[in-house]
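Remarks on the structure that follows.
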Protein chains: 2
Amino acid sequence: MASTGDDRPAPPVPPAPGAAFLLTQIGSQAAARFAERTAELDLTPPQVGLLRAVAVAPGRSQQALARHLGTPPSRLVALVDGLDERGLVERRRNPDDRRLHALHLTEAGHDLLRRIAEVGQAHNDEVCAALTEEERSTLTALLARIAADHDLTPGVHPGYRRL
Amino acid sequence: MASTGDDRPAPPVPPAPGAAFLLTQIGSQAAARFAERTAELDLTPPQVGLLRAVAVAPGRSQQALARHLGTPPSRLVALVDGLDERGLVERRRNPDDRRLHALHLTEAGHDLLRRIAEVGQAHNDEVCAALTEEERSTLTALLARIAADHDLTPGVHPGYRRL
DNA sequence: GTGAATGGTTATGGCTGCGAACGATCAGCA
DNA sequence: TGCTGATCGTTCGCAGCCATAACCATTCAC
């Protein structure tokens with residue numbers, strides 16, 4: 001087996017994880033927890049993201065939405081389908097360009113979005129439970145700086161996955 | 001179409017994202033970026049996690065590893081297979097209990113882990129590029145408090161996904 | 001020595017998301 | 001007006017990944 005050199009205290013392995021690792025670790029867990037919460041509303045995180053995106057800018061086409069969210073248009077179709085069947089969003093054909101499907105929230109969609117806002121608030125409190133109010137602000141400020149530095153689209157996050 | 005109530009500035013929708021959202025957004029992007037970096041070493045993030053776990057505590061059985069990493073044992077098999085074929089880890093049968101496969105890093109595995117440490121360092125710098133040294137420490141401290149509050153196993157993060 | 005329990009492996013199935021084609025519609029141009 | 005190329009939405013097929021469930025080998029309890 002040759003000399004494998006085990007039995008040492010492991011040199012540079014666990015010398016306190018850096019900020020980047022903690023970021024991914026906590027971020028992943030927070031995303032999973034958020035997915036659990038939204039599942040109680042029968043929504044997946046991508047659906048929530050779509051609802052929010054439609055609410056922020058109603059009337060956009062699916063192509064525009066897809067570009068904004070960074071997802072292939074074919075993925076949006078199924079997403080919109082589910083929300084459409086439940087009466088949360090609706091596709092309105094544009095009379096001027098009948099290729100376009102302008103997306104709008106229904107009244108039920110707006111109501112649900114309000115509940116989502118409450119859930120998001122509770123989620124945020126849960127994540128930050130260990131911090132004081134002041135610490136939360138400094139944390140948020142630092143994170144916002146990082147996000148801006150990486151050109152992350154505000155309100156959109158790349159590729160969340162299943163529950 | 002009933003009254004859908006569009007055309008308003010969208011009330012509680014984008015009033016500055018909270019810390020939890022920024023956490024998942026940045027964490028997801030950081031994970032993807034890290035996956036890109038490790039891909040240059042022909043490694044996936046789960047493989048890196050396994051290498052680290054084996055290095056920290058050599059000689060553990062696959063079952064113990066699986067419990068520690070929070071993954072089904074069958075997932076570990078394929079993971080270990082890939083690393084074993086490349087001569088990075090080796091399965092040693094325990095003479096006392098020949099069911100057990102004690103996992104150890106080979107010399108090549110140790111070498112690669114050192115390169116991974118460098119990559120991780122560079123990745124950490126990239127993520128925190130917008131912050132001063134002092135700000136990085138405060139950020140890391142805050143994140144560590146959150147991680148501890150959520151009982152996250154140090155050095156292990158739940159469910160990372162593909163590239 | 002027999003049966004239950006444990007470690008590891010393999011096989012199967014389901015889910016998901018992407019990319020490539022397809023029909024519909026529109027714009028430009030002669 | 002008719003033709004051509006581009007754009008939008010949709011559908012379909014494929015491949016990757018992961019988990020669950022059976023499946024051998026080995027060991028432990030009695």
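These numbers were taken from a predicted model, which means no experiment stands behind them. Here is the naming used below: chain letters follow the sequence lines, and residue numbers restart at 1 for every chain.
No donor-acceptor contact under 3.5 Å links the side chain of Arg98(B) to the base of dT26(D).
Taking 4.0 angstrom as the limit, Arg91(B) places a side-chain polar atom (N or O) nearer than this to OP1 or OP2 of dT9(C). Side-chain N/O atoms of Arg75(B) include none lying less than 4.0 angstrom from OP1 or OP2 on dG8(C).
Put simply, CG on Asp97(A) is 11 Å from P on dT25(C), counting in whole angstrom units. Look at CD on Gln62(A): it is 13 Å from C1' on dT11(D), rounded to the nearest Å. Distance Leu76(B) CG to dG7(C) C1': 12 Å, rounded to the nearest Å. Atom-to-atom, CG of Leu100(B) to C1' of dT27(D) comes out at 10 Å; the value is rounded to the nearest Å. Atom-to-atom, CG of Leu50(A) to P of dG17(C) comes out at 13 Å; the value is rounded to the nearest Å. Separating the CZ atom of Arg92(A) from the C1' atom of dG9(D) is a distance of 18 Å, rounded to the nearest angstrom. Rounded to whole Å, atom P of dC8(D) lies 14 Å from atom CG of Leu103(A). Atom CG in Leu65(B) sits about 12 Å away from atom P in dT9(C), given to the nearest Å.
Contact annotation for Ser61(A): backbone-only contact, meaning every heavy-atom pair under 4.0 Å involves sugar-phosphate atoms and none involves a base. Gln63(B) comes within 4.0 angstrom of a nucleotide base, judged by non-hydrogen atoms across all strands.
For the residue pair Thr140(A) and Leu22(B), the shortest heavy atom distance occurs at O-CD1, 3.8 Å.
A salt bridge links Glu36(A) to Arg33(A): at least one charged side-chain nitrogen sits closer than 4.0 Å to a carboxylate oxygen. Ion pairing between a basic and an acidic side chain is recognised when a charged N comes within 4.0 Å of a carboxylate O; Arg136(A) and Asp125(A) show such pairing. Arg92(A) and Glu90(A) are joined by a salt bridge, as a carboxylate oxygen and a charged side-chain nitrogen come within less than 4.0 angstrom of each other.
One side chain, Arg93(A) or His101(A), offers a donor N or O that lies under 3.5 Å from an acceptor on the other.
When the nucleotides dG7(C), dT9(C), dC26(C) are ranked by their closest atom to the side chain of Arg99(A), dC26(C) comes out on top. Side-chain proximity of Pro73(B) to dG9(D), dT25(C), dT9(C): nearest is dT9(C).
Positionally, the nearest nucleotide of DNA chain D for Arg67(A) lies more toward the 5' end than for the other of Arg67(A) and Asn94(B).
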